[in-house]
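Ligands are counted one by one from 1 in listed order, and the atoms in each one are counted from 1 as well. If you read the sequence from its start, that first residue is 1, and numbering goes on from there.
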Amino acid sequence: MCGIVGYVGTNPVLDILLDGLEQLEYRGYDSSGVAIKTESAINVYKAVGKLKNLREALKPYISDISASTIGIGHIRWATHGAPTIVNAHPHTCNCGNLVVVHNGIIENYKELKLKLEKQGCVFRSQTDTETVAHLVAQKYAQTKDLTKAVHLATKEIEGAYALEIMHNDEPNKLVITKRNAPLIIGVSEDGYYAASDIPAFIKHTNKAIYLSDNQVATITPDSLKIEDINGCEISPKVEQLPWEPVALSKMGYKHYMLKEIHEQPDVIRNILVGKLHTSDSPIELNEVKLTKETLKNLNRIQVIACGTSLHAAMVGKYLIEDFCGIPVDVEASSEYIYRKTVTDEHTLVIGVSQSGETADTLTAIKQAKARGSHILIITNRPDSAMAREADSLLSVNAGIEVSVAATKSYIAQLTSFYLLALYMAEIKGTVESDKLKHIKSEMLSLPQKIEQILSSKSEIQACARKYSGTKDFIYIARGLNYPTALEGALKLKEISYINATGYPAGELKHGPIAMLDETMPVLSILMNGSVYEKILSNSEEAKARNARMIALTNSSNDKLKDLFDYIIKVPDVDETLSPIIAIIPLQLIAYYIAEFLGKDVDQPRNLAKSVTVE
Ligand code: AGP
């Protein structure tokens, strides 16, 4: 949540900051602002709403700042105080000489604020961040050294932060620091970049330094000095980023979400390379660092995640329990961290997160690690804070996902769970070889089957249009596809704001059926297999209450035409793998309804891609 970007170098800073913020808009878009160093002062400009409003607000001032080469910027996802100009970053101290941008939450800001107010500071905003501006300014008054002031101030701050700070009396300098929030330094011949995420500077450089917690970096156009918490200089490790700027383009699609849905066949292909060669060869998962002996003797697994990642984890539970016979608990990270969870060195704890930054999951993982559990992380960001906590790291390599609504990262997480469950089953010898061979062969055919669905997307588009006027939507399924129903509903909620809910089909008659009438669409995920007949019966029950029935099915049963008003047909697939096939039309339905309603598909209201606050 919130994105920050800074630049110190020889090129004009304004476009660097605005382009950088645009790439960070996935982190929030309630307001934005920049602070630019000019010859005489540090000028601050802010706007409420999306970045285009800031671009507009800056137009009259371009000539004042176009030559400037040092500045910082911020894009906000509001936590403390409404999205207003006053609460927008950058924040300043009372004399305006010191400016700061911040991502994270200062947990002791109320105590700090009281203390600072008693000492004469006047607060203008409701934000936690403003305390940092006053506190560092106070320390600067004592030390006359911005780096030292930041060291002293951060000793009094509790919580999570990535901070970028400038002072008018040290005109060529940017001081940055972090704790439990991401901050990366881009290194180029033209200067240094500092941002919450790589997309903010990847078009300028692919050399980067990952700042560690409590380190303070002092940056000038031609120097970079990094100190640890005690002020001792450390030599930075410059890494080559495996990123291409092209990953950030829409490639001709109207929205990133649609592009990312279309990338899913290749995402699966990429994950399978080197891990699943043929249906006869064993799964190779060198990333799992548990010994075969430990894996054989595992008696409990916990999976923790949020949102879409939680739905992937739920599918993972079905797979691991079915293939390996090991009990698996799945829990939302936000619940896991506030109760006495039973975890020890005999429990494998799996954290699932697209961003690798989600605060609740990160905290949960740290708690489990402290209790001695082996930590396996499934993430799309091998460079993330969560990845750094991993004993075993399954990097899903889906490529950057820009749209706030997760699609390809979900498919990548699912695929990784299949590989993990099969790998463990092979070691434990819990699945017959014929069945293993069949599942592997089905896995290898998934990309073509998804391509088949995507090539007939106009039918799904027509279905979406037909149901786009609805206020509510119900998805029902059983077994492995219950999480698919939840994920389909979440996608629709997120981007169209329609009240959509997923239910286990058998639960319908225990309450939700009361809502059914001729206005309510009920989408049944009706895949061939063990629960097909059961869902069919539950669909009959819904039809008897006049609901508008839609089937998502791989069945060719002619009788379905009598029961359903609309049938979305998908290619046949083994029931075990059906969650990977069934989710694709649900992503498309959500996309096309939102697009038809004219919603902001890639940046839905109130959401952010990385939820770095608890
Ligand atoms: C997915 O569409 C959502 N934007 C959201 O539920 C997301 O999955 C959740 O916040 C978890 O994020 P993570 O996977 O990055 O941890």
Side-chain angles (χ1 to χ4, degrees), residues 1-3 25-29 77 180-182 196-197 255-258 260-261 264 267 303-316 330-337 350-366 375 377-390 394-414 416-417 483-484 486-498 500 502 583 586-591 594 599-614:
M1 332 259 2
C2 298
E25 257 194 315
Y26 73 86
R27 302 178 72 88
Y29 26 81
W77 188 84
N180 293 331
S196 305
D197 201 356
H255 294 103
Y256 281 109
M257 183 177 176
L258 193 59
E260 287 157 5
I261 289 173
Q264 295 180 110
V267 166
V303 196
I304 36 191
C306 303
T308 290
S309 299
L310 183 66
H311 299 152
M314 290 169 77
V315 177
V330 176
E331 194 166 356
S333 317
S334 51
E335 291 299 315
Y336 184 94
I337 54 183
I350 303 179
V352 192
S353 173
Q354 183 284 129
S355 62
E357 268 190 50
T358 302
D360 288 323
T361 309
L362 189 56
T363 307
I365 288 300
K366 285 180 177 169
I375 304 294
I377 298 292
I378 298 178
T379 183
N380 195 28
R381 296 299 300 268
D383 54 345
S384 62
M386 222 176 283
R388 280 190 278 273
E389 297 294 328
L394 268 184
S395 173
V396 302
N397 297 329
I400 181 144
E401 190 175 63
V402 177
S403 179
V404 167
T407 52
K408 64 174 177 172
S409 62
Y410 179 66
I411 286 291
Q413 291 165 348
L414 287 185
S416 301
F417 268 116
T484 313
L486 294 178
E487 176 58 12
L490 179 65
K491 285 288 88 74
L492 187 61
K493 267 187 281 215
E494 280 188 296
I495 61 172
S496 71
Y497 321 141
I498 289 171
I583 192 59
L586 301 188
Q587 294 170 340
L588 287 167
I589 286 180
Y591 172 78
K599 303 294 184 202
D600 192 343
V601 172
D602 286 332
Q603 294 177 345
R605 72 183 181 201
N606 305 339
L607 295 180
K609 185 101 186 130
S610 298
V611 185
T612 56
V613 292
E614 279 185 14

Visitor: Of all the atoms in ligand 1, which lie at a distance below 4.0 Å from a heavy atom belonging to Ala406?
Guide: 1 (C), 2 (O)
Visitor: Which residues pass the salt bridge (charged side-chain N to carboxylate O under 4.0 Å, His left out) test with Glu357, not counting sequence neighbours?
Guide: Arg27
Visitor: Measure across Gly502 and Ala489 and return the closest heavy-atom pair with its distance rounded to 0.1 Å.
Guide: N-CB, 3.7 Å
Visitor: For Ser309 and Gln413, which I'm curious about, is there any donor-acceptor pair between the side chains at under 3.5 Å?
Guide: yes
Visitor: Side chains of Asp602 and Ile495: closer than 4.5 Å at any heavy-atom pair?
Guide: no
Visitor: How long is the gap from CD1 on Ile411 to OG1 on Thr308, to the nearest 0.5 Å?
Guide: 11.0 Å
Visitor: Do me a favour and list the nearest non-hydrogen protein atom to atom 10 (O) of ligand 1 with residue, atom name and distance?
Guide: Val611 CG2, 3.9 Å
Visitor: Could you give all pairs that pass the salt bridge (charged side-chain N to carboxylate O under 4.0 Å, His left out) test and reach residues 401-412, with sequence neighbours left out?
Guide: Glu263-Lys408, Glu401-Lys609
Visitor: Answer with yes or no whether Lys491 contacts ligand 1, where contact means a heavy atom under 4.0 Å from a ligand atom.
Guide: yes
Visitor: Any N/O of Gly356 closer than 3.5 Å to an N/O of ligand 1?
Guide: no
Visitor: Tell me, which protein residue and heavy-atom name are nearest atom 11 (C) of ligand 1, and how many Å apart are they?
Guide: Cys306 O, 3.3 Å
Visitor: Could you check whether Asn397 and Ser395, counting side-chain N and O atoms only, form a donor-acceptor pair closer than 3.5 Å?
Guide: yes
Visitor: Can you measure from OH (Tyr29) to CG (Asn606) and round to the nearest 0.5 angstrom?
Guide: 8.0 Å
Visitor: Find all atoms of ligand 1 within a distance of less than 4.0 Å from any non-hydrogen atom belonging to Ala405, and give their numbers and elements.
Guide: 2 (O)
Visitor: Hey, is ligand 1 close enough to Ser353 that some N/O pair sits below 3.5 Å?
Guide: yes
Visitor: Starting from atom 5 (C) of ligand 1, locate the nearest protein heavy atom and write down its residue, its atom name and how far away it is, to 0.1 Å.
Guide: Glu494 OE2, 4.1 Å
Visitor: Can you tell me if Val404 contacts ligand 1 (heavy atom of the residue under 4.0 Å from the ligand)?
Guide: yes
Visitor: Return the closest protein heavy atom for atom 6 (O) of ligand 1 as residue, atom name and distance.
Guide: Gly307 CA, 3.2 Å
Visitor: What atoms in ligand 1 come closer than 4.0 Å to a heavy atom of Ser309?
Guide: 8 (O), 13 (P), 14 (O)
Visitor: In Å and rounded to the nearest 0.5 Å, what is the CE to NE2 distance from Met314 to His311?
Guide: 6.0 Å
Visitor: Considering only the protein, which heavy-atom contact is closest to atom 15 (O) of ligand 1, and what is its distance?
Guide: Ser355 OG, 2.6 Å
Visitor: List the closest protein heavy-atom neighbour of atom 16 (O) of ligand 1: residue, atom name, distance to the nearest 0.1 Å.
Guide: Thr358 OG1, 2.4 Å
Visitor: What protein heavy atom is closest to atom 8 (O) of ligand 1, reported as residue, atom name and distance in Å?
Guide: Thr308 N, 3.1 Å
